[in-house]
Amino acid sequence: MFERKGFHATSLEDIAAVVNVSPRTLPRYFGSKEGVILGYEDDNNAALLRELVARPDMESPLEALRAATLAVIDGGSGEDGERYLRVQRLIMANPPLLAKSLERTTEHGHVLAGVLAVRMGVDPDADMYPRLAVGVVGAAVQTAKERWLRAQDEPAERLMELIQEALDLLKSWPAPPATR
């Protein structure tokens, strides 16, 4: 519906009618119209956190985050992958939605940095490496999304290839210093 009518032209009442719930019920689940879209990103962020926590301790912080990111993206194939791409197009095409998405991504980045800090045995408030690693991986993914969207007619699989390519560029990124 957002794609058909446009994000701004679609009301909570429109959404509620499609999913057959009361217009008063919908905000309880999603908080707002933006929440309907961004809730999908929240699910991806939760999956990324689970994947990161499950990564082997022997991996470097950046490799663990890179592998976790790829696992979540690879898991988004088929219908989920198509929905991911449609959601990303919608977010990137609507500046207020993009701003809210980036705000939530930043908040989630602090959580991921905390997990990396625990892996490294450092204080995330005193050591920049965990937050910087999260930022670099996030920038790689965002850059791939922007490139894919600019091409417009690229197939969905091309976004996944671009994300893989961007994350592969980080393989030579330096490991954290051995001594703190």
Any idea which heavy atoms bring P130 and A113 closest together, and the distance? CB-O, 3.4 Å

Just jot down the side chain to side chain contact (heavy atoms under 4.5 Å, CB included) partners of T143, sequence neighbours excluded, or say none. none

Could you state the interatomic distance from CD1 (I15) to CZ (F2), rounded to the nearest 0.5 Å? 3.5 Å

Non-hydrogen atoms of R55 and R119 that approach each other most closely: O-NH1, 3.3 Å

Output for pair (L38 CG, L97 CG), nearest 0.5 Å, gives 5.0 Å

Between T25 and V21 (side chain of the first, backbone of the second, donor and acceptor by atom type, cut-off under 3.5 Å), is there such a pair? no

Which pairs with one or both residues in residues 8-20 pass side chain to side chain donor-acceptor pair (under 3.5 Å), sequence neighbours excluded? K5-D14, S11-E13, S11-D14

Rounded to the nearest 0.5 Å, what separation is found between the CH2 atom of W148 and the CZ atom of R89? 3.5 Å

Cluster check L102, I37: I/L/V/M/F/W/Y, side chain < 4.5 angstrom: yes

Gap separating the CG atom of L62 from the OH atom of Y129, nearest 0.5 angstrom: 5.0 Å

Using 0.5 Å steps for rounding, measure from the CD1 atom of I73 to the CG atom of L167. 6.5 Å

Is it possible for you to say whether L132 and L169 belong to one hydrophobic cluster, with membership spreading through side-chain heavy-atom contacts below 4.5 Å? no

For S101, what residues pass the side-chain hydrogen bond (donor to acceptor under 3.5 Å, both in side chains) criterion, not counting sequence neighbours? E41

Note: N94 and L90 closest approach over all heavy atoms is ND2-O, 2.6 Å

Give me each pair satisfying side chain to side chain donor-acceptor pair (under 3.5 Å) with a member in residues 158-172, each pair once, sequence neighbours excluded. R66-D168, R158-E161, Q164-D168

Qualifying salt bridge (Lys or Arg N to Asp or Glu O under 4.0 Å) pairs, either residue in residues 96-113, two or more places apart: D42-R104, K100-E103

Which heavy atom in P61 sits nearest to a heavy atom in M120, and how many Å separate them? CG-CG, 3.4 Å

Closest non-hydrogen atoms of E34 and F7, given as atom of the first, atom of the second and distance, are CG-CZ, 3.9 Å

Just verifying a value: how many Å separate E146 CD and L162 CG, rounded to the nearest 0.5 Å? 11.5 Å

Would you list the atom pairs, donor with acceptor, under 3.5 Å between side chains in residues 45-53 and any protein atom, with sequence neighbours excluded?
none

Any chain of hydrophobic side-chain contacts (each under 4.5 Å) joining L12 to V19? yes

Tightest non-hydrogen contact, residues L98 and I91, listed as CB-O, 3.5 Å

